[in-house]
Amino acid sequence: MIGIDIVKIDRISSTKAKFGDKFLSKFLCEEEINLAKSDASLAGFWAAKEAISKALGCGISAEFGFLDAEIYKSQKGAPMIKFSKEIVDKFRIKSSSLSITHDGGFAIAAVIIETYS
Ligand SMILES: CC(C)(COP(=O)(O)OP(=O)(O)OC[C@H]1O[C@@H](n2cnc3c(N)ncnc32)[C@H](O)[C@@H]1OP(=O)(O)O)[C@@H](O)C(=O)NCCC(=O)NCCS
């Protein structure tokens, strides 16, 4: 299953300026907040979570919330997804891949999730 999302970096910057940490902690855990060093990265993380929700086929909903998956980085800097055990079991997740890009004021994320049929 595949999911993709695009986010205006400005939108993340202005919401962050308005609501600060309250906004960040709505969609990111502490480790993710420490990992995202710029608004472009934050926008990429937002896009990643929405892309995950699309790959799962449910959107951000009662079935999958922003905090049900954590983005972390490999030793070489590649973004990876860690799902909660509950989500792994519920969606029968076998593996996942995430790619993020930002340029021209936008961040885009693409996600592939493989499940046990
Ligand atoms: C599914 C979701 C992620 C779509 O994101 P969006 O930014 O509203 O819209 P996008 O333009 O990125 O995507 C729209 C496309 O997503 C796809 N889509 C819709 N529901 C989907 C689902 N359940 N699974 C997979 N893809 C879905 C559709 O193809 C849709 O395009 P279409 O209506 O023309 O067919 C969105 O419905 C959602 O859950 N948003 C949550 C936002 C939120 O909770 N904000 C809280 C603010 S604090």
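Indexing begins at 1, ligand by ligand and atom by atom, following the structure's order. For the numbers below, each heavy atom of this structure counts, side chains included, while hydrogens, waters and symmetry mates do not.
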Any donor-acceptor N/O pair, D68 side chain to G65 backbone, under 3.5 Å: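 Pair found, side chain donor or acceptor close to backbone of G65.
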
Check: E32 side chain, I71 main-chain N or O, donor-acceptor pair, under 3.5 Å: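 Indeed, once roles are kept as given, a pair shorter than 3.5 Å links the two residues.
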
Residue part near ligand 1, for S61, under 4.0 Å between non-hydrogen atoms: neither

D5 contact mode with ligand 1 (heavy-atom cut-off under 4.0 Å):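 D5 to ligand 1: side-chain contact only, backbone stays beyond 4.0 Å.
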
Under 3.5 Å: N/O of K54 near N/O of ligand 1: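 In this structure, K54 places an N or O atom under 3.5 Å from an N or O of ligand 1.
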
For [atom], is the nearest protein heavy atom under 4.0 Å away?
atom                    : value
atom 10 (P) of ligand 1 : yes
atom 37 (O) of ligand 1 : no
atom 33 (O) of ligand 1 : no
atom 4 (C) of ligand 1  : yes
atom 13 (O) of ligand 1 : yes
atom 20 (N) of ligand 1 : no

Closest candidate by heavy atom, reference atom 45 (N) of ligand 1, pool F27, F23, W46, F64: W46

Candidate with minimal heavy-atom separation from atom 24 (N) of ligand 1, of A47, G57, G3: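 Minimum heavy-atom distance to atom 24 (N) of ligand 1 goes to G57.
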
Identity and distance of the protein heavy atom lying nearest atom 42 (C) of ligand 1: E50 OE2, 3.3 Å

